[in-house]
Participant: 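For reference, the structure I am asking about is given below.
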Amino acid sequence: VVLTFAVGTASFTSGAALLLAAHGGPAAGVTVQCAVPRAILFAVVGSLIVLLSQAQRRQRELLARQALTLEQLTISRERNRLARELHDTLAHTLSALSVQLAALNASWEVDQAGARQRAQQAYDLTRTGLDEVRRALHALRASPVEALGLALALNRLATEAAARADLSLTFTVPATLPAIPFAVEQQCYRIVEEALNNVVRHAHAQHLRMACHQEGQGLTFVVADDGQGFAALAEPAAEHFGIMGMRERALLIGATLALHSRPHHGTTVQLTWPGERTPQ
């Protein structure tokens with residue numbers, strides 16, 4: 001289009017000048033001589049404008065693709081976060097409830113007293129699960145860390161966990177923790193929350209210890225119990241979503257998660273954040 005415009009303009013100007021000269025008008029030499037440089041100038045300027053517009057269009061397309069990629073990544077991370085939250089609430093409750101109902105169905109005809117007891121246990125479990133879902137929904141709406149600060153939020157979390165499982169609690173977290181990025185605080189809180197929930201649900205312990213101390217520029221969190229323990233796995237199996245969720249959260253902030261447990265010797269979960277880095 002640019003070349004057509006440049007050549008067409010030069011041809012029209014030159015043709016008009018020659019036509020006028022043929023009918024007694026001014027000489028056409030100067031006009032024809034000026035038409036060629038003008039055409040070259042039009043072609044160069046027009047080509048630059050076209051190249052600039054093409055570059056802008058490519059840049060807009062690239063930005064659109066990057067925005068779409070970022071949106072998809074954000075959605076994926078949000079799905080993973082919701083999956084962890086659902087596991088921490090509904091999955092545990094429904095799993096235990098299915099076991100209770102299966103036992104109830106098996107003993108319905110032969111042990112009615114036991115069946116009634118299991119029905120009551122299933123009801124109690126359902127109420128507990130409902131309370132946990134409500135707590136999770138409240139946590140999703142308003143972050144306890146944002147409202148209370150990390151130290152107080154951990155204190156409340158450990159106190160509530162100990163009360164729910166009738167555990168004696170040793171809580172050694174400084175009243176004031178060093179300033180760390182909010183995203184790191186959130187992930188540390190959620191990891192500790194999952195570790196405490198595991199103690200309440202599975203440990204059958206008598207004592208719970210929650211500790212935090214500073215190491216250099218970083219922090220180390222410890223959740224330990226004296227419960228039944230288990231055979232710890234080097235890599236969690238696919239069904240161990242709680243451990244997977246904790247490790248995913250630790251990875252997001254560049255922290256390390258260590259899990260130490262033996263049957264009948266309790267479990268210790270240690271989260272170590274090495275210091276300042278940009279969360280993913």
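This chain uses plain numbering: 1 for the first residue, then up along the sequence.
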Participant: Passes side-chain contact (heavy atoms from CB on, under 4.5 Å), Val173 versus Met210? Steps please.
Facilitator: CA-CA 7 Å; Val173 176; Met210 167 75 218; 4.2 Å; yes

Participant: Quick one: do Leu252 and Glu248 satisfy side-chain contact (heavy atoms from CB on, under 4.5 Å)? Show the steps, please.
Facilitator: CA-CA 6 Å; Leu252 288 174; Glu248 286 175 1; 5.7 Å; no

Participant: Quick check: does any side chain N or O of Trp273 sit under 3.5 Å from a backbone N or O of Ile253, one acting as donor and the other as acceptor?
Facilitator: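 Checking the backbone N and O of Ile253 against the side chain of Trp273, a donor-acceptor pair under 3.5 Å is found.
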
Participant: Would you kindly confirm whether Val184 and Ile191 end up in one hydrophobic cluster when ILVMFWY residues are joined by side chain heavy atoms under 4.5 Å apart?
Facilitator: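 In one cluster with Val184: Ile191, yes.
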
Participant: Which residues satisfy the side chain to side chain contact (heavy atoms under 4.5 Å, CB included) test with Ala119, sequence neighbours excluded?
Facilitator: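 Scan of Ala119 (side chain to side chain contact (heavy atoms under 4.5 Å, CB included), adjacent residues dropped) gives Leu104.
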
Participant: Please check if Val199 and Tyr189 belong to a single hydrophobic cluster, counting links between Ile, Leu, Val, Met, Phe, Trp and Tyr side chain heavy atoms closer than 4.5 Å.
Facilitator: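 Per the 4.5 Å side-chain linkage, Val199 and Tyr189 are co-clustered.
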
Participant: What residues, two or more places apart in sequence or in another chain, satisfy side chain to side chain contact (heavy atoms under 4.5 Å, CB included) together with Ser53?
Facilitator: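 Residues passing side chain to side chain contact (heavy atoms under 4.5 Å, CB included) with Ser53: none at all.
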
Participant: Going only through I, L, V, M, F, W and Y residues with side-chain contacts under 4.5 Å, is there a path from Phe221 to Leu167?
Facilitator: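 Looking at the clustering, Leu167 is in the same group as Phe221.
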
Participant: One pair to check against side-chain contact (heavy atoms from CB on, under 4.5 Å): Val269 and Leu257. What are the steps and the verdict?
Facilitator: CA-CA 7 Å; Val269 176; Leu257 184 75; 3.7 Å; yes

Participant: Indicate, with yes or no, if Phe171 and Val222 share a hydrophobic cluster defined by side-chain heavy-atom contacts under 4.5 Å among Ile, Leu, Val, Met, Phe, Trp and Tyr.
Facilitator: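 Per the 4.5 Å side-chain linkage, Val222 and Phe171 are not co-clustered.
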
Participant: Show the nearest heavy-atom pair for residues Leu271 and Ala255, with the distance to one decimal.
Facilitator: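 Closest approach of Leu271 to Ala255: CD1-CB, 3.8 Å.
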
Participant: Sorted by first residue and then second, give each side-chain hydrogen bond (donor to acceptor under 3.5 Å, both in side chains) pair with at least one member in residues 203-220; sequence neighbours left out.
Facilitator: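 Sorted result for residues 203-220: Ser168-His207, Thr170-His207, His213-Glu215, Glu215-Thr220.
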
Participant: Here's a test for you: under side-chain contact (heavy atoms from CB on, under 4.5 Å), which of Val145, Leu148, Leu196 qualifies with Leu157?
Facilitator: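 So the option named by the test is Leu196.
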
Participant: Just do the side-chain contact (heavy atoms from CB on, under 4.5 Å) check on Leu219 and Ile180 with the steps written out, would you?
Facilitator: CA-CA 9 Å; Leu219 292 172; Ile180 61 177; 3.9 Å; yes

Participant: For Gln59, does the CD atom sit with more than 12 other heavy atoms under 6.0 Å from it, leaving out its own atoms?
Facilitator: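 No, the 6.0 Å shell around CD holds no more than 12 heavy atoms from other groups.
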
Participant: Using 4.0 Å as the upper bound for N to carboxylate O, is an ion pair formed by Arg190 and Glu193?
Facilitator: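 Here Glu193 pairs with Arg190 in a salt bridge, since their nearest N and O are under 4.0 Å apart.
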
Participant: For Gly229 and Ser261, which heavy atoms make the closest approach, and how far apart are they?
Facilitator: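 Between these two residues, the closest heavy atoms are CA-OG, 3.3 Å.
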
Participant: Mind listing the closest non-hydrogen atom pair of Ala162 and Leu169 along with its distance?
Facilitator: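 Reported closest heavy-atom pair: CB-CB, 3.9 Å.
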
